[in-house]
Amino acid sequence: MAEPFKNMYNEQFFDRFMKDLKLVINDFDACGFVDRVMDDEWENRELKQRCMHITTVLKEFLPADYKEAIAKILELLEYVEEREPGFSVIDDKKFGLTLEYGAILDNYIEQYGLDHYETSVKAIEKITQFTSCEFVTHPFIRKYPEQMMKQMLVWSKHEHWGVRRLASEGCRPRLPWAMALPDLKKDPTPIIPILENLKNDPARFVRLSVANNLNDIAKDNPDIVIELAKKWKGESKEVDWVIKHGCRTLLKQGNPEAMELFGFGAAAKNITIENFQISTPEVKVGDSLEFSFKLLNKNDEKARIRLEYGLYYQKANGTLSKKVCKISEKEYAENSTTQMIRKHSFKVVTTRKFYPGLHQVAVVINGKEFEKYDFILIE
């Protein structure tokens with residue numbers, strides 16, 4: 001089984017963190033700090049709880065004045081940058097500062113900086129050039145909606161790609177694990193100018209964030225995303241990728257306008273499946289579902305097909321929950337028959353809990369779902 005993510009705060013991390021804190025805090029008591037952190041409840045705390053606990057202890061060792069404490073944090077970043085040079089605008093393949101550091105510094109601003117807007121915003125702008133601060137921006141957007149969205153628009157033109165990425169990532173309406181932004185879910189209008197500035201950004205991480213933001217918006221406001229996609233389509237290869245990735249949920253939902261926009265249209269006439277077979281009618285948790293079918297294009301011309309399958313998972317309450325998985329997007333030759341064989345893993349993962357019992361699978365062609373077939377998942 002994989003190592004629990006919370007264990008990233010281990011002995012090696014604290015050795016490194018203590019050495020860095022000694023550089024900026026006079027007479028820093030490293031042993032006292034670690035003793036306070038590794039208390040009797042440490043092993044019982046999960047990742048977020050550990051991060052918040054470290055931050056609470058850190059506050060006791062930093063100056064009591066928030067501005068002075070932030071100055072120490074920024075001084076710490078300067079030392080880290082000397083040892084571990086920050087990335088440039090072009091090099092967006094990794095963050096220079098470790099995730100462990102970033103989570104603590106972000107959490108410090110979130111816990112203690114909400115009433116210090118100017119100081120916190122300047123700190124966020126600096127810290128996000130080493131790590132990612134999108135989680136801390138959400139509580140600030142909740143408290144200072146107009147100010148923060150104006151700031152995000154300014155950041156969308158920043159020289160550093162990490163700050164530009166934050167402009168998009170930091171206002172995603174449905175950012176996983178972040179504080180909800182109900183106002184932006186309801187009306188994403190303030191986000192659009194930011195995405196306009198960033199849709200053709202030279203940094204791939206920024207473009208990925210724009211696509212993810214669009215996908216978030218599409219879940220609550222599909223018409224807005226479809227109109228943007230129509231407007232942006234054809235501007236560049238990079239922008240076309242952004243809108244396609246940003247419409248992925250709409251495509252999985254079989255949204256007719258999204259299908260038409262990307263060349264799939266309605267489910268093509270004379271496109272069908274035959275001889276659907278499940279070779280593993282009983283699947284053990286840890287093994288794979290195996291199924292096959294023939295895809296028939298009975299037209300006298302080739303057909304562009306988005307081929308998917310819907311997997312209906314058993315839930316704890318006995319109902320089924322659908323997840324759509326893509327097989328291919330391509331043109332199939334006229335009057336052709338294509339044999340398809342697929343496997344779907346039921347390997348145990350931390351992001352999904354499997355419940356034994358009835359499950360179903362169905363082929364989806366250009367958003368149209370065909371007949372469902374049953375199989376059983378067993379312990």
Side-chain angles (χ1 to χ4, degrees), residues 5-6 45-53 55-56 99 102-117 120-121 123-125 127-128 131-156 162-196 198 205-206 208-226 228 245-250 252-253 255 315-317 321-323 350-353:
F5 204 38
K6 67 180 183 178
R45 292 188 178 98
E46 296 304 319
L47 175 62
K48 188 170 184 179
Q49 293 173 315
R50 287 187 175 188
C51 180
M52 293 181 68
H53 177 60
T55 304
T56 301
L99 174 64
I104 294 170
L105 302 185
D106 289 358
N107 194 260
Y108 188 90
I109 295 173
E110 181 176 351
Q111 283 197 55
Y112 307 114
L114 270 175
D115 294 329
H116 305 272
Y117 179 84
S120 295
V121 165
I124 290 169
E125 181 176 323
I127 293 170
T128 204
T131 183
S132 183
C133 287
E134 64 262 24
F135 298 114
V136 74
T137 57
H138 278 223
F140 280 85
I141 291 174
R142 289 281 295 266
K143 186 167 184 175
Y144 310 97
E146 292 187 11
Q147 283 177 274
M148 275 303 292
M149 292 309 292
K150 287 179 180 178
Q151 181 62 60
M152 306 292 256
L153 185 60
V154 172
W155 280 340
S156 71
V163 182
R164 299 198 306 276
R165 176 185 179 273
L166 180 66
S168 169
E169 197 73 6
C171 63
R172 281 180 57 185
R174 289 176 169 267
L175 181 68
W177 306 302
M179 180 182 290
L181 296 176
D183 289 345
L184 291 178
K185 284 183 182 180
K186 183 177 180 180
D187 179 13
T189 302
I191 303 175
I192 305 306
I194 295 169
L195 304 187
E196 288 274 7
L198 299 173
F205 261 17
V206 177
L208 176 60
S209 179
V210 172
N212 288 337
N213 203 323
L214 285 175
N215 192 54
D216 280 5
I217 295 170
K219 294 174 182 178
D220 300 294
N221 300 274
D223 292 345
I224 290 177
V225 172
I226 288 171
L228 276 179
H245 198 57
C247 288
R248 62 188 183 273
T249 293
L250 296 178
K252 286 185 177 183
Q253 292 172 345
N255 182 284
K315 296 172 65 176
N317 63 5
S321 175
K322 180 181 177 182
K323 176 180 174 60
T350 57
T351 53
R352 180 181 291 275
K353 181 174 176 59

Please tabulate, one pair per line, all N/O donor-acceptor pairs under 3.5 Å involving side-chain atoms of residues 139-151, not counting sequence neighbours.
unit_1	atom_1	unit_2	atom_2	d
Arg142	NH1	Ala180	O	2.8
Lys143	NZ	Asp115	OD1	2.4
Tyr144	OH	Leu114	O	2.4

Residue list, side chain to side chain donor-acceptor pair (under 3.5 Å) with Asp216, at least two apart or on another chain: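 So Asp216 forms a side chain to side chain donor-acceptor pair (under 3.5 Å) with Arg172.
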Side-chain donor or acceptor of [X] paired with backbone N/O of [Y] under 3.5 Å:
X      : Y      : result
Ser156 : Leu153 : yes
Ser120 : Gly113 : yes
Arg45  : His53  : no
Asn213 : Ser168 : yes
Asn215 : Thr249 : yes
Arg248 : His245 : yes

Contacts of Lys322 that satisfy side chain to side chain contact (heavy atoms under 4.5 Å, CB included) - sequence neighbours left out: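 With neighbours one apart ignored, the set is Tyr312, Val324, Glu369.
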Between OG1 on residue Thr55 and CG on residue Asp106, distance to nearest 0.5 Å: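 Thr55 atom OG1 to Asp106 atom CG measures 9.0 Å (nearest 0.5 Å).
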Point-to-point distance, once rounded to the nearest 0.5 Å, from CD of Glu196 to CG of Leu228: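 Going from CD on Glu196 over to CG on Leu228, the span is 6.0 Å.
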Flag for Arg174-Asn212: side-chain donor and acceptor within less than 3.5 Å: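 The criterion, which ignores hydrogens and geometry beyond distance, is not satisfied for Arg174 and Asn212.
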